[in-house]
2 protein chains.
Amino acid sequence: MITQKEIGEKLGLSPSTVASILGGSASLRYSKKTRELVVQTAKKCGYQPNRASRAVQRGRSNLLGIIHFGLALEIARKVAFELPQAINAAGYDYMVVDIQWHGGSIERVLNEMIQARVEGVIISNMMEAFGSEYIEILNRAGIPVVTVYGDDRLNIVAVSNDMRSAFCEMGLHLQKVGHQCLLLTIGESQARPVKERIDGLEKALGEPCPQLKEDEFFQGWADFRQQTHGSTVGIVVQLKTKSFSYDFAAANYAFSQRLFSTDILPDAIMCSNDQGAFGVFNAATERGLSIPRDLAVTGADDDEFGKYPMFGLTTIRSDVAQSCAAGVKLLKDRIQKKTSFRASKIFQSELVLRTSCGRSNPMGGEEVAAETRACGQDVIPF
Amino acid sequence: MITQKEIGEKLGLSPSTVASILGGSASLRYSKKTRELVVQTAKKCGYQPNRASRAVQRGRSNLLGIIHFGLALEIARKVAFELPQAINAAGYDYMVVDIQWHGGSIERVLNEMIQARVEGVIISNMMEAFGSEYIEILNRAGIPVVTVYGDDRLNIVAVSNDMRSAFCEMGLHLQKVGHQCLLLTIGESQARPVKERIDGLEKALGEPCPQLKEDEFFQGWADFRQQTHGSTVGIVVQLKTKSFSYDFAAANYAFSQRLFSTDILPDAIMCSNDQGAFGVFNAATERGLSIPRDLAVTGADDDEFGKYPMFGLTTIRSDVAQSCAAGVKLLKDRIQKKTSFRASKIFQSELVLRTSCGRSNPMGGEEVAAETRACGQDVIPF
DNA sequence: TTGAAAGCGGTACCAG
DNA sequence: CTGGTACCGCTTTCAA
């Protein structure tokens, strides 16, 4: 790989001349002839600036770090797709790391980022495993952090969509079409996105829901169903999920198998995301149950698969590009010290009504005709 | 972020002393007291080496580049998961880029890699869009290239699994259980992994198959089916897929809808991958067809979803970790000039028999009982 | 056992 | 218009 110095030697020019011309900063002061000569030679020899040298000299890397927690969820892949574009648009380059790629070692991932001297970090779908001790590591290194679709309990700047309003709307709709016993499945996380889902359901029901672990739930399920028959109720069931991976499909599949084997069905199962809903669908099919005839199922995230008539999944859609762009903007502001205070951002989502929740009008022809409804409002707290 | 120089100033030591101790190379020559002092101080102050400075001085980045073409396919995500681990195990760090993240601009991605001075590049699931002009760019920059599950027509070192043997085995099995008219759907790529699938099917049939574009296929389908009734035949149908994205599910869904609307069914549809098979499943369900009662469907890649009883998808399983490790090893050898010649590697795969291909014995209890059968042999050509 | 010094590939400032 | 020079953070060699 050719260097500026070598180009200078080739042309009988000093390295600083070549540097000024290729660096672009003061290139206009040089004669057109020299400029063209240098630029042409550089191109001919395939010169590309050395990012590392530039970073050393400038004292800044121009890099933002992106941290993922696995890309199994389609929503995470949407973020993975949008963030780099938003970052480039903001004039930064980026480096991507997935906690899973390092066997779950968060510390190692953070050290890589610090060694690369990233100027800021964006964490996608931040899980609880990312505790305050890790935020502290980044703080000590002077690296600001923003999370997109993550937990904001650690006093981090967070961008998210208003899942509370969305799940409330969904709960209201389920009631409207006649469902009374609503079951919400969540994972082991107690992070904000999860809390919002629960809050939303409770708001729709007008009362708090019991929140049970899987085993507790099955101990009381039969009695509960009998006693509450005829009234509108909700239960939150906390499923076991592996840490560092979102195996919602498997968790909801296993839970549904067990649930269906009791032969006592709720009216609707609301899953935290579409992956979970697919797990319910699989268990239902296996058991010979039909959705939505025997029970309704809903998800969240608007995965591609849910659009197919096999599922026709009622879900919640968020504008991922919007959130990613906002996250990058907030991070850039923090890097440039434009904001010293916490300035999270919440966007509204859309309720997408398809067939799985038992709507009256059936699906259309070639494509599933989906209604959508805006949920929540764009909010800037603090 | 503290530097070695600053640690030296703090302790009244010269920067080179600090450097030698923290760099590890010659640290044993220093007194135990000095060593511990430096190491403790560094830890206390959160010192982390500056990757860029180190790269500048050493003249090498210690980085390998990973290029993806989208992570929608589960097999691509498996590669994304395994490669970093294999790379770290080989003593390198890595940078990851997805062509999709840059709106499909391969050139831009390559320039990022070159500017980061990666010492080698691994391309995952390389598509045809990655033409010889791009290989040429990397060659000129002196960067060796290896592809895992990619095309090897460009004279690149390639690691792959023996899809020819696997598809042959699958074709033979389908015949064994009574299927005669076998339809193989492929995308627009003519890359080696695709060719191998076709070759495998043709080997199983003992004769070449006609290869048709979607429209051509439907022109002759009814006649063809009638004329070949009672004999074992195969057709390859080339579906339209978007470049830079593997939307196999959508392509196979659309094709199957059209196919099923003719009311003339093949005995089996073999898809290039499981995603495609899911598309067929969706179209079949929509049409009220049952798999495998009305027709058989097979895939490849062994996606998680295919294991569920909803699909019970017969598929082909490859050891991704094995291929990734081999790819990294080949790349490392090329970087260290241990191999000047082409040395690709082919591993065997496994045929996973589930219910979708219409086997006699039905699925078991909790899990789908799958038979598996080894396909092909580990081969080192050249 | 320690430190001085050269150098990696750039950037940026200033003198001529 | 062009070139000299200092410097960024780190590595490595060699002399003390």
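Letters A, B, ... are given to chains in the order of the sequence lines, protein chains preceding strands, and every chain is numbered from 1.
For A:Tyr94, the ring pair (Phe, Tyr, Trp, His ring centres under 6.0 Å) partners at least two apart in sequence or on another chain are B:His102.
Rounded to an integer number of Å, the gap from B:Tyr30 OH to C:dG3 C1' is 7 Å. Rounded to an integer number of Å, the gap from A:Gln57 CD to D:dC7 P is 11 Å. If you take OH of A:Tyr47 and C1' of C:dG9, they are 8 Å apart, rounded to a whole angstrom. The separation between A:Asn62 atom CG and C:dT11 atom P is 12 Å, rounded to whole Å. Counting to the nearest Å, the P atom of D:dC10 and the CD1 atom of B:Ile2 are 10 Å from each other. Protein atom CZ of A:Arg117 is 20 Å distant from nucleotide atom P of C:dG10, rounded to whole Å. Note: CD1 (A:Ile21) to C1' (D:dG3) measures 12 Å, nearest angstrom. The CZ-P distance, from A:Arg51 to C:dC8, rounds to 22 Å in whole Å.
Contact check, B:Ser20 against D:dT12: no side-chain N or O comes under 4.0 Å of OP1 or OP2. Under 4.0 angstrom from either OP1 or OP2 of D:dT2 there lies at least one side-chain N or O belonging to A:Ser31. Within the structure, every side-chain polar atom (N or O) of A:Arg58 is placed at least 4.0 Å from both OP1 and OP2 of C:dG9. Proximity of B:Thr17 to the phosphate of C:dG3: a side-chain N or O atom is located under 4.0 Å from OP1 or OP2. An OP1 or OP2 oxygen of C:dG10 is reached within less than 4.0 angstrom by no side-chain nitrogen or oxygen of A:Arg54.
Rounded to the nearest 0.5 Å, atoms CD1 (B:Ile335) and CG (B:Leu64) are 5.0 Å apart. Atom CD1 of residue A:Ile143 and atom CE of residue A:Met113 lie 9.0 Å apart, to the nearest 0.5 angstrom.
For DNA chain D, the neighbouring residues in residues 3-15 of chain B, judged by any heavy atom under 4.0 Å, are B:Thr3, B:Gln4.
Formation of a donor-acceptor pair under 3.5 Å by the A:Ser124 side chain with backbone atoms of A:His68 is not found in this model. The backbone N or O of B:Ala158 sits nowhere less than 3.5 Å from a side-chain atom of B:Thr147 that would complete a donor-acceptor pair. Between the B:Arg77 side chain and the B:Ala72 main chain, a donor and an acceptor come within less than 3.5 Å of each other. Counting only distance, with no hydrogens or angles, the side chain of B:Glu119 and the backbone of B:Asn62 share a donor-acceptor pair below 3.5 Å.
The number of heavy-atom neighbours closer than 6.0 Å to CD of A:Glu136, taken from other residues, nucleotides and ligands shown, is above 12.
The nearest heavy atom of DNA chain D to B:Ser53 and to B:Ser16 marks one nucleotide each, and the one closer to the 5' end goes with B:Ser53.
Shortest non-hydrogen contact noted between A:Met95 and A:Ala116 is SD-CB, 3.4 Å.
Helix bend of the helix from C:dT1-D:dA16 to C:dG16-D:dC1: the angle between its two end axes, each built from five pairs, comes to 50° after rounding to 10°.
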Check: Taking it one step at a time, do A:Tyr30 and A:Thr17 satisfy side chain to side chain donor-acceptor pair (under 3.5 Å)?
Finding: CA-CA 8 Å; A:Tyr30 293 84; A:Thr17 301; 4.5 Å; no
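Comparing D:dT2, C:dG10, D:dC10 against the side chain of B:Asn50 picks out D:dC10 as the nearest.
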